[in-house]
Structure formats: C-alpha cells, structure tokens
Amino acid sequence: MENRIKVHRESKGFSQGKLAELCSVSRQTINAIENNKYDPSLQLAFDIAEQLDVSIEDLFIPSSKK
C-alpha cells in the first residue's frame, strides 16, 4: 500500500516526530510507514488521518495488482 502521509504532514508543518507524538507512536514508525516499509494498523491509519485532517482515502493508495 502506498501513501501520501509525507505530503500531508509537510503541508501541516509537522515533523515526523511531531506526528508520531500526536499518534502515540515512535518517529521510526512514521518513517517506516512513509517509506512503505510498514503498513499501519487500521486504528493508527485513522489516527494519522485525524491528526492530518484528511480522509483515509486521501492518505492511502492501494497498490495496483500486476
């Protein structure tokens, strides 16, 4: 699953650390999600969307089947 967290995070002026703090996870977790190395839990995905004030659909893009 691809995501646009970094784009939305930067548009809000949040560092990875700030977003991590708001979502009660580590900065490394946010980094891994942004770099498509980790898919967040459903709850964490909703928390990130809420903190960035966007919908889940705006943040996450399903990988196309090849």
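Quick note: residue numbers are just sequence positions, from 1.
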Note, Asp39 side chain near Ile33 side chain (heavy atom, < 4.5 Å): no
In the single-linkage hydrophobic clustering (I, L, V, M, F, W, Y; side-chain heavy atoms under 4.5 Å), do Leu52 and Ile56 co-cluster? yes
Backbone N/O of Arg27 and side chain of Asn31: donor-acceptor pair under 3.5 Å: no
Measure the shortest side-chain to side-chain distance between Lys12 and Asp53 over non-hydrogen atoms and say whether it is less than 4.5 angstrom. yes
State which residues pass side chain to side chain donor-acceptor pair (under 3.5 Å) with Glu34; sequence neighbours excluded, sorted by chain then number. Arg9, Gln16
Linking I/L/V/M/F/W/Y whenever any side-chain heavy atoms sit under 4.5 Å apart, do Val7 and Leu59 land together? no
Going from SG on Cys23 to NZ on Lys18, what distance comes out if it is rounded to the nearest 0.5 angstrom? 10.5 Å
Measure the NE2-OG distance between His8 and Ser55 for me, rounded to the nearest 0.5 Å. 7.5 Å
Does the side chain of Ile61 reach to within under 4.5 Å of the side chain of Met1, using non-hydrogen atoms? no
Under the side-chain contact (heavy atoms from CB on, under 4.5 Å) criterion, do Thr29 and Leu44 qualify, and how do the steps go? CA-CA 10 Å; Thr29 298; Leu44 179 53; 4.1 Å; yes
Under 3.5 Å, is there a donor-acceptor pair between the side chain of Asn3 and the main chain of Ile5? yes
Starting at CZ of Phe46, measure out to CD of Gln51 and round the result to the nearest 0.5 Å. 14.0 Å
Side chain to side chain, Leu22 and Ile48, heavy atoms closer than 4.5 Å: no
For Gln43 and Asp47, does a side-chain donor sit closer than 3.5 Å to a side-chain acceptor? yes
